[in-house]
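Some notes on the structure that comes next.
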Amino acid sequence: MSNIYLDALKSKLDERSFSALAAIDNEKLHAFVADAVQLCEPDVVWVGTDSPEDVAYTRQMALKLKEERPLNVEGHTIHYDGMDDQGRDREVTRYLVPKGETLSKALNQIGREEGLDEVRGLLKGSMRGRVMAVRFMTLGPNNSDFSIPCVECTDSFYVSHSLNLLYRLGYEEFRRLGEKAHFFATLHSSGKVDARMVSVESDKKRIYIDHTTDTVYSVNTQYAGNTVGLKKLALRLTIQKADSEGWLAEHMFLMGVHGAGGRKTYFAGAFPSACGKTSTAMLPGETIVGDDIAYFRAVDGQCRAVNAEAGIFGIIQNVTEKDDPAIWDVLNKPGEVIFSNVLIKDGRPYWLGMGVDTPDSGENFSGEWHKGKKDAKGNEIPLAHKNARYAVALHALNNCDPELENPAGVELAGIMYGGRDAHAYAPCQQGFDWDHGIIAYGASLETETTFATIGKEGVPEINLMSIQDFIAIPLGKYVQNNLDFGGKLKKQPLVFGVNYFLRDKEGNFLNGIRDKHVWVKWMELRVHGEAKARKAPTGLIPCYEDLQRLFKEVLDKEYTPEDYAAQFTMRVKENLAKLDRVEKFHRETVASAPEALFRILSEQRERLAAAEKEFGPYPAPERFPVVENV
Ligand code: SPV
Ligand code: MN
């Protein structure tokens, strides 16, 4: 096959790479690669196929170029990102908006032409002296209605290696689809790097998303959340695709919860970063399908769900042998793992909250490190970054669910939304129905900013369904799509709200780190009609007897009536204040919030007011009537 784009590429590719690229019958793809090459001017272009040799080559190159270094355990490597490149960077991540189009005010945006000029200007000549890898992957299982082909051109073999661990190989899928492959494309360059192979021009970091061509540009950054195009960058494009095709792309984990008589029930969960998402998906004894991005489709009235990804890019803070046995296991046994931004001493990784003695010196994201070392602003540098990460393929985990690659996905029985709310929401509750759950928990999800995005921590904010940063359509439309999706299902998943961060008056957390397992088991019982609930103003809350039994069974813990009262007393004033904030947000920031949202919130307000009138500002949970099943 020959076309003007391939002809232009000939001089940069060896014979193998050239024929691999030419074997894909898709001119748009060739045009994308030719443009990337012309713009970034790499010395060499290498095209990766699905062959084991090509997959192994990306890892070898990451090591050869010193973007990663080997650790003691076989297969383990360490990669560092720059001091100013330790998380997703909202400030410089922008949607390119063509003239005449408008996006929600909540989204960071720039005019398309101006943005393209800027980011393409920064990419110009950025790969001189380097090799550009062209990688083909898919989102969702292969050979499935869910699959989306993706291509990434990058001069980082760390990024390329991460793709191997986190996604499915997609070269054969591109070949199979040929010109029918409607793909997402990412062009990434690390930009200038220092001797440690770390991007240095963080002031020129830009991540721009062009939905008109399904293309993402990323430059002067290496942190995987900013550079691995299939992660949050493609999610923005997927949300638009899902919007136009009538399905949902969610920032959710997917897990199998194991119940009585060997039954397995699938749940999805949305939590802002660093709010307990991966640790919920990884609960001991349960199985994991995915920890970050899930797609839902209504198929014959059933809600079917898949993991968009095939690996985990997880936070490695407070990961301990006791609380996270499955993660601990994979982080300690031979096999491919990329650690990033942890401390290395004598070839061993150390992280914050590891539960073991840690060294006073070594190498970390700041370079040579010793206890007490200060950054340029005089702040002490911790031994590892709070947002340090590990990348690992799911199939390496001993709790990986066997349905991961099922092209038809799994049947979803429940959804949970969890924020970081010190004051109002109960630790666990169930929506009265699909619409109430979506609005009262999903569209009302409040959290506090954490270290997973660059900026100040602890600032309260609404993070709609924990996916707000990535919603590339009007936010109100997104909420409406969720409501409508329920209407396509014969059996809607139950919707739950959880809050692992409720505190008492003195500021102490009211729950232990493992209590989430009890909430999940309660949800499983609710799905099967095996637990009662009390009808509180904000949702259906568990009954004491069920929790007492579950705490004993799951955690071998005595759960007292005092615990129950502290956790499930209805905080009317705090809930009313929350409603005010949520309503204000939807009125002022969200373009065209659905009418149903205001109705459901105002019904919640009425129920709270009625409870206050009858029982005062802090009604005990027993005040609310027991209902059988919904
Ligand atoms: C998150 O922060 O939500 C993540 C990691 O899952 S990142 O790739 O940075 O998005
Ligand atoms: Mn995430």
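Counting starts at 1 for both ligands and their atoms, in listed order.
- For His79 and Phe339, the distance between ring centers is not under 6.0 angstrom.
- Not close to ligand 1: Lys277, with no non-hydrogen atom less than 4.0 angstrom away.
- Asp292 contributes atom OD1 as its closest N/O/S atom to the Mn ion (ligand 2).
- In this structure, Arg389 forms a cation-pi arrangement with Phe313, its terminal cationic atom sitting closer than 6.0 Å to the ring centre and no more than 45° off the ring axis.
- Applying the 4.0 Å criterion to heavy atoms of Lys232 picks out, from ligand 1, the atoms 1 (C), 3 (O), 4 (C), 5 (C), 6 (O), 7 (S), 10 (O).
- Put simply, the residue from Asp84, Thr221, Asp89 that forms a side chain to side chain donor-acceptor pair (under 3.5 Å) with Lys205 is Asp89.
- Atoms of ligand 1 found under 4.0 Å from any heavy atom of His251, numbered from 1 in the order shown, are 3 (O).
- Residues Tyr266 and Glu403 have side chains that never bring a donor and an acceptor to within less than 3.5 angstrom of each other.
- At least one cation-pi condition fails for Arg304 and Phe296: the charged atom is not both under 6.0 angstrom from the six-membered ring centre and inside a 45 degree cone around its axis.
- Proximity to Gly225 (heavy-atom distance under 4.0 Å) selects the following atoms of ligand 1: 7 (S), 8 (O), 9 (O).
- The six-membered or imidazole ring of Tyr441 lies away from that of Tyr417, with a centre-to-centre distance of 6.0 Å or more.
- Each of the atoms 5 (C), 7 (S), 9 (O) of ligand 1 lies under 4.0 Å from some heavy atom of Tyr223.
- Cation-pi geometry between Lys516 and Tyr500 is satisfied (NZ or CZ under 6.0 Å from the ring centre, within 45° of the ring normal).
- Between NE2 of His251 and NZ of Lys232, the angle at the Mn ion (ligand 2) works out to 100°, rounded to 10 degrees.
- Of all the atoms in ligand 1, the ones that sit under 4.0 Å from a non-hydrogen atom of Asp292 are 6 (O).
- With Ser162, Ser273, Ala224 as candidates, the residue nearest to atom 3 (O) of ligand 1 on a non-hydrogen basis is Ser273.
- Of the N or O atoms in Lys231, none lie within a sub-3.5 Å distance of an N or O in ligand 1.
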